[in-house]
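Presented below is the structure to which this report refers.
None of the values given here were measured: they were computed from a predicted structure. Numbering of ligands and ligand atoms starts at 1, following listing order. Nothing fancy with the numbering, it's 1 onward along the sequence.
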Amino acid sequence: MAEPSHAAVIETRGLSKRYRGGQLAVDGLDLAVPRGSVFGFLGPNGSGKTTTIRMLLGLIDATEGEARLLGEPMPSAARRVLPRVGALIEGPALYGFLSGRANLHRFDAADPTADPRTRRTRVEDALERVGLSAAAGKKAKAYSLGMKQRLGIAAALLKPRELLVLDEPTNGLDPQGMREIRSLVRALAQEGTTVFLSSHLLDEIEQVCTHTAVMNRGRLVTQGTVAEMSAGVRGRLTVTTPDGAEAARVLKEHGVGDLTVTGDEVTGELPPPEAARGPESPDAAGEPDLAGLNAALVRSGVRVRGFGVTRASLEDVFVTLTGEGFDVAG
Ligand SMILES: Nc1ncnc2c1ncn2[C@@H]1O[C@H](COP(=O)(O)OP(=O)(O)O)[C@@H](O)[C@H]1O
Ligand SMILES: [Mg+2]
């Protein structure tokens, strides 16, 4: 059996950070980021994401606990490990008076492990990867925020990386800028780079990530695949029918709860996925038997004109698990 830790590119155990002044910003974090995943580190502002990333990269010391990066202990293995990890934390440090291309040259020249003979090619390749070739000669101060972020990612891509760590890469971007970063992340993942990105935006994580860990007030709320997570929260079923009362009776019989009949619409909460996950059930894990429900309605003479399920969102997951709203305004 495969040892799970070998597949993890980031692994923490009991990782905690108490800042001077006594505040516990990260509290006993156990994180496992599988190789090859696009891992969304999700949480409201102030939930400890940046603090965790800073500890992972050895930029600040943990108060307690352990962190391993690419299987090696941090921060002691930093010199060995960090060259294989690209990172963009809270916006890139750019020289506004230099062009995007010149910024990358300068950044690469500051890296003692980078080969100056291949610099020109690597810079052009990185610009191409992030879609900045055409704008490479412009001064960085003339770049949009999205272009600046992409230049920061280009800087992280000047060398081949096994892992890319991006702290809120779409923060402050307009929808177009966000789309650009998302498609870049997808492309990098397809090339085999594991991407660990933090965000306070639920739909962003749902759109781009395979896995997620959810933070709240310094603590891990849950982690797993995005699909598992939304399957872990019940979706709502909506049946459109002129036979509302009869439909509600049949659905109740089949474990659908919280039923309401409004006009020709019957809505209810699907049965908990555990019910469908039992050993005697051949259904896919976590999937309620929708075909069976539909068939039962029809068998009872209910005229089904519409039958649909609203999938649970990560927001539903967060609210269900924390009992709090995911309020990220401001
Ligand atoms: N350098 C610091 N000194 C003291 N407290 C800090 C420092 N940096 C962050 N914090 C606090 O730690 C908590 C977590 O912050 P942070 O890791 O930045 O969260 P996030 O990145 O999820 O928004 C917040 O309450 C924040 O105010
Ligand atoms: Mg942050």
Atoms in ligand 1 flagged as close to Asn45, the criterion being non-hydrogen separation under 4.0 Å: 23 (O)
Lys/Arg-Asp/Glu bridge criterion (N-O < 4.0 Å) met for Arg68, Glu72: no
Check: Thr63/Tyr19 side-chain N/O donor and acceptor closer than 3.5 Å: no
Donor-acceptor under 3.5 Å (Tyr143 side chain, Ala135 main chain): yes
Numbered atoms and elements of ligand 1 in range of Ser47, under 4.0 angstrom, heavy atoms: 19 (O), 20 (P), 22 (O)
Protein heavy atom at shortest distance from atom 1 (N) of ligand 1: Tyr19 CE2, 3.6 Å
Closer than 2.8 Å to the Mg ion (ligand 2) - protein N, O or S atoms, ordered by chain and residue number: Thr50 OG1
Salt bridge flag under 4.0 Å for residues Asp115 and Arg122: no
Verdict with supporting geometry, Thr260 and Thr267, side-chain hydrogen bond (donor to acceptor under 3.5 Å, both in side chains): CA-CA 5 Å; Thr260 58; Thr267 72; 2.8 Å; yes
Arg303/Asp243 ion pair, N-O < 4.0 Å: yes
N-O pairing of Lys49 and Glu168 below 4.0 Å: yes
Distance from atom 26 (C) of ligand 1 to nearest protein heavy atom, with residue and atom: Gln23 OE1, 4.3 Å
Test item, Gly21 contacting ligand 1 (heavy atom, 4.0 angstrom): no
Nearest-neighbour protein heavy atom for atom 18 (O) of ligand 1, which is reported as residue plus atom name and distance: Thr50 CB, 3.8 Å
Ionic contact status for Arg129 with Glu191, cut-off 4.0 Å: yes
Ion pair Glu162/Arg84, N-O distance below 4.0 Å: yes
Presence of salt bridge, Lys17 and Asp61, under 4.0 angstrom: no
Sub-4.0 Å atoms of ligand 1 with respect to non-hydrogen atoms of Pro44: 22 (O)
Ligand 1 contact on Met215 by region, counting heavy-atom pairs under 4.0 Å: neither
Atom 23 (O) of ligand 1 [closest protein heavy-atom partner, distance rounded to 0.1 Å]: Gly46 N, 2.7 Å
Subset of ligand 1 atoms that lie under 4.0 Å from at least one heavy atom of Ala25: 12 (O), 13 (C), 14 (C)
Nearest-0.5 Å distance, OG1 of residue Thr12 to CD of residue Glu66: 9.5 Å
Parallel, tilted or perpendicular, as decided by the 30° and 60° cut-offs, for the rings of Phe196 and Phe41: tilted
Minimum-distance protein heavy atom relative to atom 15 (O) of ligand 1: Thr51 OG1, 3.9 Å
Identity and separation of the nearest protein heavy atom to atom 19 (O) of ligand 1: Gly48 N, 3.1 Å
